[in-house]
2 protein chains.
Amino acid sequence: MTQEDEAGLGLRERKKRETRVALSRATIALCVRRGWDDVTVEDIAAAANVSVRTFRNYFSGKAEAIADGHLERMTRIADSLRAREADEPLWDSIVHAVLARFVPRDESGAEAPPDQRWADGLRLMLAEPALQGEVAKANAAAQEALTLAIAERTGTDPARDVYPRLVAAVVGAGSAVAVEYCLRADPPASLEPVLREVFDRLAAGLPTP
Amino acid sequence: MTQEDEAGLGLRERKKRETRVALSRATIALCVRRGWDDVTVEDIAAAANVSVRTFRNYFSGKAEAIADGHLERMTRIADSLRAREADEPLWDSIVHAVLARFVPRDESGAEAPPDQRWADGLRLMLAEPALQGEVAKANAAAQEALTLAIAERTGTDPARDVYPRLVAAVVGAGSAVAVEYCLRADPPASLEPVLREVFDRLAAGLPTP
DNA sequence: GGAAATCTTGCCTGATCGGCAATATTTGCC
DNA sequence: GGCAAATATTGCCGATCAGGCAAGATTTCC
């Protein structure tokens with residue numbers, strides 16, 4: 001297991017996290033209902049019972065609030081990677097780590113309920129051009145954490161070697177392609193096989209099919 | 001050769017391109033000199049001899065103006081790829097296409113003068129967090145064009161196959177890693193060997209070193 | 001229990017954003 | 001050359017965003 005969402009954190013941290021998620025949720029919900037440009041920060045703050053000023057203490061704008069869930073998910077791939085056995089082949093670990101975050105399972109078997117905030121947020125971000133930069137930004141930010149985890153795992157130096165950065169970037173790019181592909185597919189495709197195909201191709205050096 | 005920057009375009013198109021580049025240049029120059037948040041759109045417009053409103057007809061904000069050079073360079077990789085012989089192995093074509101854009105050479109041999117706007121702009125974007133999203137956005141946008149070129153080349157379908165999107169994303173990610181690595185390196189490293197290393201590793205399936 | 005740290009909030013000023021209509025420039029056709 | 005259509009530039013304006021500052025409320029730590 002990785003860690004409960006709210007473990008032994010102080011009251012303060014818990015409340016902060018609560019309002020953060022509430023704001024993100026409210027932003028997504030309002031934008032889904034009324035469309036991107038018909039939602040003001042004021043509406044969002046009202047829906048989450050905080051002041052406008054507080055919203056802006058958490059997020060720099062609507063876009064960041066929407067991308068927050070995605071950012072967190074991407075960032076935690078690094079945690080999942082660290083949790084794998086160190087002697088497992090690197091790419092096996094990576095596939096498991098990514099799947100653990102994107103298709104989470106409880107101990108029994110089938111996957112946990114899909115995260116509505118994440119899916120709605122992503123759909124918004126893919127549809128609205130003003131938001132596409134924000135997905136990319138979240139991916140880039142998460143890459144940093146992943147780079148460190150990979151460097152640690154492979155005994156490379158994130159400051160001097162290209163390898164860990166390259167792998168992190170490729171994993172991020174591959175995951176993004178898989179997720180977007182499934183989200184855009186007309187009969188929504190399931191994520192796991194697509195992710196596996198992507199990583200198989202990557203490990204094979206992307207030969208022309 | 002690929003194409004002159006200003007070929008048989010009408011006067012109108014040439015002027016538009018001129019002001020566009022002038023605005024981008026002015027933005028970068030001012031931001032290098034005075035720092036990101038001490039530059040207003042008004043300053044930029046004044047420096048380029050246009051009205052503020054005109055600036056905003058070209059770019060949605062300072063960030064986009066700075067990223068413009070990078071976006072164009074990335075987008076044209078697709079053009080370079082189309083210009084290669086169709087029977088060359090795909091990855092050879094890709095390496096050549098990327099190098100053609102990043103380390104351009106005239107017919108004689110050694111490379112053309114480095115593009116100052118591009119380098120300065122990238123340095124700004126890597127330094128300023130508010131701009132990192134913009135690089136990522138430009139990369140993502142260029143990816144679309146590259147996807148089409150790769151699909152065409154490999155006879156795959158960009159709408160149904162994951163392959164062309166995946167290759168485009170990986171090429172973009174790899175190039176970004178190489179460029180950032182060289183730009184951050186303390187004694188500035190030269191781009192070509194790093195790019196070759198990156199693509200060698202990619203074609204080999206990124207084995208742990 | 002009380003001091004220190006920090007989160008929330010309102011207020012305020014300057015900058016950004018984008019629609020609209022008037023004006024100026026280019027283009028294409030005669 | 002001249003005219004009409006298409007398109008670019010510009011100023012104006014209201015709405016929104018952006019972020020510094022200080023007062024008040026809440027949590028933490030001793």
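Residue numbers begin at 1 in each chain, while the letters A, B, ... track the order of the sequences.
Between the B:Arg56 side chain and the B:Gly61 main chain, no donor and acceptor come within less than 3.5 Å of each other. Remark: side-chain polar atoms of B:Arg123 are not paired, donor with acceptor, to backbone N or O of B:Leu183 under 3.5 angstrom.
For the side chain to side chain donor-acceptor pair (under 3.5 Å) test, residues two or more places apart in sequence or in another chain that qualify with B:Ser24 are B:Arg117. For the side-chain contact (heavy atoms from CB on, under 4.5 Å) test, residues two or more places apart in sequence or in another chain that qualify with A:Ala136 are B:Ala136.
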Exercise for review: I would like to know whether A:Arg14 and A:Glu18 meet salt bridge (charged side-chain N to carboxylate O under 4.0 Å, His left out); could you show each step before the answer?
Suggested key: CA-CA 6 Å; A:Arg14 247 183 302 136; A:Glu18 246 172 60; 5.9 Å; no
**Study point:** salt bridge (charged side-chain N to carboxylate O under 4.0 Å, His left out) between A:Glu13 and A:Arg17, worked out
**Key:** CA-CA 6 Å; A:Glu13 294 303 318; A:Arg17 180 174 180 74; over 6 Å; no
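Dense packing is recorded around CD of A:Glu88, with more than 12 heavy atoms of other residues, nucleotides or ligands lying under 6.0 Å away.
With rounding to whole Å, A:Arg14 atom CZ is found 17 Å from D:dT26 atom P. Remark: P of C:dG19 and CZ of B:Arg56 are 10 Å apart, rounded to the nearest angstrom. One interatomic measurement links the two molecules: NZ of B:Lys15 to C1' of D:dT7, which rounds to 13 Å at whole-angstrom precision. When rounded to the nearest whole Å, the span between CD of A:Glu18 and P of C:dT8 equals 11 Å. Atom C1' of nucleotide D:dC17 and atom CZ of A:Phe55 are separated by 11 Å, given to the nearest angstrom. If you measure from atom CD of A:Glu13 to atom P of C:dT6, you get 10 Å, rounded to the nearest angstrom. Atom CZ in A:Arg20 sits about 12 Å away from atom P in C:dC7, given to the nearest Å.
The two residues B:Glu64 and B:Ser60 come nearest to each other via the heavy atoms OE1-OG, 2.9 Å.
Sorted by first then second residue, the side-chain hydrogen bond (donor to acceptor under 3.5 Å, both in side chains) pairs that include residues 157-178 of chain B, not counting sequence neighbours, are B:Glu144-B:Arg165.
Looking at residues 57-65 of chain A, you'll see A:Asn57, A:Tyr58 sit with a heavy atom under 4.0 Å from some atom of DNA chain C. Remark: B:Val50, B:Ser51, B:Arg53, B:Thr54 in residues 29-54 of chain B come within less than 4.0 Å of DNA chain D through at least one heavy atom.
Looking only at atom types and distance, the side chain of B:Thr40 has a donor-acceptor partner in the side chain of B:Asp43 under 3.5 Å away.
Each end of the helix from C:dG1-D:dC30 to C:dC30-D:dG1 gets its own axis from five base pairs, and the two axes differ in direction by 40°, given to 10 degrees.
Using a 30° and 60° split on the angle between ring planes, A:Trp118 and A:His70 fall in the parallel class, below 30°.
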